[in-house]
Amino acid sequence: MAVYTDVNEAQLSRFLQDYDVGSVLSYKGIAEGSENSNFLLHAERGSFILTLYEKRVDQSDLPFFLCLMQHLARRGVICPLPVQRRDGELIGELAGRPAAIITFLEGMWMRHPTVAQCGEVGRSLAQLHLAGADFPMHRANALAVEGWRLLWNGSRDRADEVSPGLAAEVEAEFTDIETRWPNDLPRGIIHADLFPDNVFFLGDRLSGLIDFYFACDDFYAYDVATCLNAWCFETDFSFNPAKAAALLTGYEAVRPLSDREKAALPLLARGSALRFMLTRLYDWLTIPDGASVQKRDPLEYVAKLRFHRDVTSPSTYGLS
Ligand SMILES: Nc1ncnc2c1ncn2[C@@H]1O[C@H](COP(=O)(O)OP(=O)(O)O)[C@@H](O)[C@H]1O
Ligand SMILES: N[C@@H](CCOP(=O)(O)O)C(=O)O
């Protein structure tokens, strides 16, 4: 689910008086998503997504996320455009939560993306990186290497409940990854969560990137590594080299990777797999069974971690 906070008609009508979108025609909660409460809103002047920001989002980050979407949309990235209130602000308050309206994007996310769609994602990711280069705001990656430790401290003692031996395996990963993590690769604004459920398609044409609520400053190649993990493995967790080659070729058609970025990819992909394994593990152990939030399988990311651990050359990903 992703409606944690309910909104009644009177509250919504009052909220919309601060916007120039006309009156409500209809609205309904959206089940997908996990962080915030989202509603599909049909108003007299169009269709929008209404988001109420919940506790997992730090309110002080909201101007960064919304101004970033505005910046990227103005530079041609196909992403939602936040709607300005009459007073020029992007954030209001609804049902006691900070709230915003963004434009609705047509399309569907792909549960089984094709090789061609992976190429489109690579291309769009590189466009996002270039378009974000002159964005004046900054946000440190709260889920960079140091942040992983905090998550791990909250789950280490129970990790073996999920898979025997997992605690020792993850400890060894931390030691290796923390020691070897690069500190001087090209960096800038990254999406940081560009999974298939955050990318819409109309056929093979990419029609939108959404969910910028993990966006931050970090290595561009780390964002590429996250996409390799999210897009280029099959449901049995096997790696699909054709999808990886297409994703990287699409990316490099817009922003070529340097030799150092390419050489770092196996380690970055391992680190990214560890990051998503840790958030999933934490949720797996802390969200009660039967809660309406969808829990994602941490073992999927253990399998990806193991795959990258054995990669000795970026050529495995289709790079020369
Ligand atoms: N701009 C948009 N256009 C169309 N649908 C959207 C848009 N933004 C969000 N959605 C819908 O809302 C769902 C949840 O959005 P998302 O930003 O991923 O939420 P969360 O941050 O809670 O994970 C998406 O899966 C999609 O169905
Ligand atoms: N993509 C992450 C979870 C974040 O969920 P989202 O609904 O905000 O995209 C994962 O798969 O672990």
Side-chain angles (χ1 to χ4, degrees), residues 1-5 21 27-43 46-58 61-62 65-66 68-70 72-73 77-83 90 97-111 113 121 142-143 148 151 155 190-202 206-216 223 225-233 235 237 272-285 287 292-305:
M1 88 148 189
V3 178
Y4 304 93
T5 305
V21 298
Y27 72 104
K28 60 174 185 218
I30 298 176
E32 288 183 300
S34 51
E35 304 287 316
N36 301 308
S37 298
N38 291 297
F39 297 83
L40 173 58
L41 166 69
H42 294 296
S47 298
F48 305 92
I49 297 293
L50 163 69
T51 302
L52 277 66
Y53 298 98
E54 301 293 344
K55 293 192 181 70
R56 280 169 77 153
V57 175
D58 186 337
D61 285 332
L62 291 178
F65 298 138
L66 290 159
L68 176 62
M69 282 189 250
Q70 192 176 51
L72 294 174
V77 174
I78 320 170
C79 69
L81 181 65
V83 179
L90 298 178
R97 311 266 359 137
I101 301 176
I102 60 176
T103 51
F104 178 85
L105 300 176
E106 299 289 348
M108 293 190 318
W109 73 269
M110 297 290 124
R111 281 171 172 76
V121 169
L143 290 175
W148 304 344
L151 279 170
S155 10
I190 67 164
H191 182 286
D193 187 30
L194 200 60
F195 277 56
D197 61 345
N198 290 330
V199 180
F200 294 164
F201 284 92
L202 287 167
L206 193 152
S207 62
L209 309 178
I210 63 162
D211 200 355
F212 285 78
Y213 302 113
F214 286 106
C216 58
D223 225 8
T226 295
C227 285
L228 283 175
N229 281 330
W231 292 84
C232 305
F233 286 81
T235 45
F237 308 157
S272 176
L274 179 62
R275 172 258 181 266
F276 284 98
M277 194 285 288
L278 288 169
T279 44
R280 286 175 174 211
L281 180 67
Y282 185 82
D283 287 351
W284 197 267
L285 294 171
I287 295 175
S292 36
V293 180
Q294 185 201 351
K295 296 207 264 186
R296 296 177 167 91
D297 183 7
L299 295 180
E300 178 185 344
Y301 271 78
V302 174
K304 294 177 182 180
L305 186 59

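Order of listing sets the numbers, starting from 1, for every ligand and every atom in it.
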Exercise. Side chain, backbone, both or neither: which part of Asn38 comes within less than 4.0 Å of ligand 1 when only heavy atoms are counted?
Worked result: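 Within the 4.0 Å criterion, Asn38 contacts ligand 1 through side-chain atoms alone.
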For this session: Specify side chain, backbone, both or neither for Thr103, according to which of its non-hydrogen atoms lie closer than 4.0 Å to ligand 1.
Result: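 The answer is the backbone of Thr103.
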Exercise. Relative to each other, are the rings of Phe39 and Tyr27 parallel, tilted or perpendicular (30° and 60° limits)?
Worked result: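 Tilted: the ring planes of Phe39 and Tyr27 meet at 30° to 60°.
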Closest protein heavy atom to [atom], given as residue, atom name and distance to 0.1 Å:
{"atom": "atom 7 (O) of ligand 2", "result": "Ser34 OG, 3.3 Å"}
{"atom": "atom 11 (O) of ligand 2", "result": "Arg280 NH2, 2.7 Å"}
{"atom": "atom 6 (P) of ligand 2", "result": "Asp211 OD2, 3.5 Å"}
{"atom": "atom 26 (C) of ligand 1", "result": "Phe200 CZ, 3.8 Å"}
{"atom": "atom 3 (C) of ligand 2", "result": "Arg296 NH1, 3.6 Å"}
{"atom": "atom 4 (C) of ligand 2", "result": "Asp193 OD2, 3.6 Å"}

For this session: Show which atoms of ligand 2 fall inside a sub-4.0 Å distance from at least one heavy-atom site of Asp197.
Result: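 Ligand 2 atoms under the 4.0 Å threshold to Asp197: 7 (O), 9 (O).
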Exercise. Does Val57 have a heavy atom less than 4.0 Å from any atom of ligand 1?
Worked result: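 Per 4.0 Å heavy-atom rule, Val57 does not contact ligand 1.
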Exercise. Is the closest heavy atom of Phe48 to ligand 1 under 4.0 Å?
Worked result: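 It does not, in that no heavy atom of Phe48 comes within the 4.0 Å cut-off of ligand 1.
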For this session: With atom 6 (C) of ligand 1 as the reference point, say which of Ile49, Val3, Leu50, Leu40 has the nearest heavy atom.
Result: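 Among Ile49, Val3, Leu50, Leu40, the closest heavy atom to atom 6 (C) of ligand 1 comes from Ile49.
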Exercise. Side chain of Asn38, backbone of Thr51: donor and acceptor closer than 3.5 Å?
Worked result: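 Checking the backbone N and O of Thr51 against the side chain of Asn38, no donor-acceptor pair under 3.5 Å is found.
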